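Heads up: the structure comes next, in structure tokens.
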Amino acid sequence: VLLVLLAACWCAAPAGRPPAAPSNASLDALLEQMAAEDGQAARWAARRLAALDLPSRRAVAVALLARLDRMGAATPAAEVGALLDALRCLAPLPALAEVRSLERLLPMQSPLYADRDKPEAVRLRVFVMLTLAALGRKQVALPASLDYLANSHSVEEFSAGARGAGMLGAEARSTTPYLLRPFAPHYHDWAVSLDRFAGWGVEEATSARLEAARALRRLGPVGPEVLETLRVFAHTLPQEEHPETPLANCLAREVRATVLHLEKGLRP
Amino acid sequence: MTSFRCACVALSLSLLASCARLPEPDPESAPAEKCCCCTEPDSQEAGAGVSSGPTPWLAPEQRRPLKTLSMPVTTHAGLDTTLRALLDRPAALAFFYSRCDNPNRCTRTVGSFRCMAERIEKKGLSGKVRLVLVSFEPDHDTPSRLLEAAQVHQLNTDRDDVVLLRPDPRLHRDLHRELNVGVNYSGEAVTMHDIGLYLFDRQGRYVRSHHLLAWDEEQVVEDLGRLAAEAAPR
């Protein structure tokens, strides 16, 4: 109810005047929904945010970034994660000076990651990078995306690097050689989620290969050796889909679509 | 959380079950035994457009000595000394820790130092420059563990131009801050770290650094040779 009221208030702002900053109570309600393990509630909140008009999205983003500025090592990861999830729902946004409070969280030495368990710290930074990429901070997000693709050892980090590269588009074309890593025979792929920081469901699952295939399609023309690697990999995929392996079905579809797309030399 | 775990397990199993190949040993998870002397074929082009190459070369008059030169360190041989004493020659310095499980970071870094040590010998720079590996985890990396790590990666520590260091656990983060090293901890255990190589002249003054992507060993050794050829301070 609070969210509906929040949206109604923003939408009812007089023409020509920027919407009022959202109240703390409405932001609390929003972030609670975003942090819910219940995917339905979180997705509903995400849709409400995405449906706001640009001035309202901007007002919410500024309020969220101000909150982010106050977060640190003692802030529960779920709280930071929900806020990052909400920010990504607001993209695209015009350039905001306030986004610096997000940028300062990207360096590994940021106090935000101090004294957290390794998986939690790693996942938080992954979502910081993805949020920066979603908000169009290409020059800031690209080095981190490249680092994940070239130097990471976990499927989660690689997948995030690939998703980030895909979001950055042609400007991330230099990451292409690294996007082929998961198509090597020895690569152990796994199901991960990058849609929401908190719990996730079947429909949100992704993998390193899936994200790499999607990114390659978005980065634009590639050399013949890239196409050949994908073709060889595509031959190893099952021809028929099975209802019990949704992610594998999705991977097969995506890889074949990417091969087809690159063969035709289509630009994204 | 239960649904999350169930979904994770089910999808992971389905993903693995769909693979047409038999699982093979993961070369990435094994210590890098292959020679890493050569830069990966595609890495010259890869990363283009990102500031992944070396930073600009600082001329002698632009250089400043490290503030942390007086930091006590212990070598892999158990010798207690200071960073200043080991940066008395042109040096390439990088960070690592012995229990890093990422072959693309610390294993690659130590392998790269092995390669550079060989190149230094071939170029006749032995005794004129130094390769310094500093542990990120001084509480864990005792001299014996450092020596063991060197042996695992076939890094020859019999020569005095290759040294692995355990920095003072109370002060080592000052060095990270001064060099702007990307690293974070849970307690004293590393949770994440970047890769980087820092070049110093014979007065312990920072000259340039490499970040993000694996550096070109040939270029680093050439840089060390260039620094060794610089006139000694009066």
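The structure presented is a predicted model; accordingly, all values stated were derived computationally and were not measured. Only this structure's heavy atoms are used, side chains among them; waters, hydrogens and symmetry mates stay out. Each chain gets a letter, A, B and so on, in the order its sequence line appears, and its residues count up from 1.
- Closest of all the heavy-atom pairs between A:Leu68 and A:Ser101 is CD2-O, 4.1 Å.
- In this structure A:Ala172 satisfies the side chain to side chain contact (heavy atoms under 4.5 Å, CB included) test together with A:Leu142, A:Ala165, A:Leu168, A:Thr175, A:Leu219, sequence neighbours excluded.
- B:Asn180 and A:Gln109 share a side-chain donor-acceptor pair at under 3.5 Å.
- Judged purely by distance below 3.5 Å, without hydrogens or angles, the side chains of A:Thr131 and A:Arg88 pair a donor atom with an acceptor atom.
- Look at A:Arg217 and A:Glu254 and you find a salt bridge, because one of the NZ, NE, NH1 or NH2 atoms lies within 4.0 Å of a carboxylate O, short of that distance.
- For residues 191-201 of chain B, heavy-atom neighbours of chain A at less than 4.5 Å comprise B:Thr191, B:Met192, B:His193, B:Asp194, B:Ile195, sorted by residue number.
- Judged purely by distance below 3.5 Å, without hydrogens or angles, the side chains of B:Arg166 and B:Ser135 never pair a donor atom with an acceptor atom.
- Contacts with chain A (heavy atom to heavy atom, under 4.5 Å) involve no residue of residues 136-151 of chain B.
- Under the ring-ring contact (aromatic ring centres under 6.0 Å, His included) criterion, B:His172 pairs with B:His176, B:Tyr185, sequence neighbours left out.
- In this structure, no portion of A:Ser154 lies under 4.5 Å from any heavy atom of chain B.
- The number of heavy-atom neighbours closer than 6.0 Å to CD of A:Glu32, taken from other residues, nucleotides and ligands shown, is 12 or below.
- The closest side-chain donor-acceptor pair between A:Glu204 and A:Ser193, if any, does not fall under 3.5 angstrom.
- Around atom CZ of A:Arg100, no more than 12 heavy atoms belonging to other residues, nucleotides or ligands sit under 6.0 Å away.
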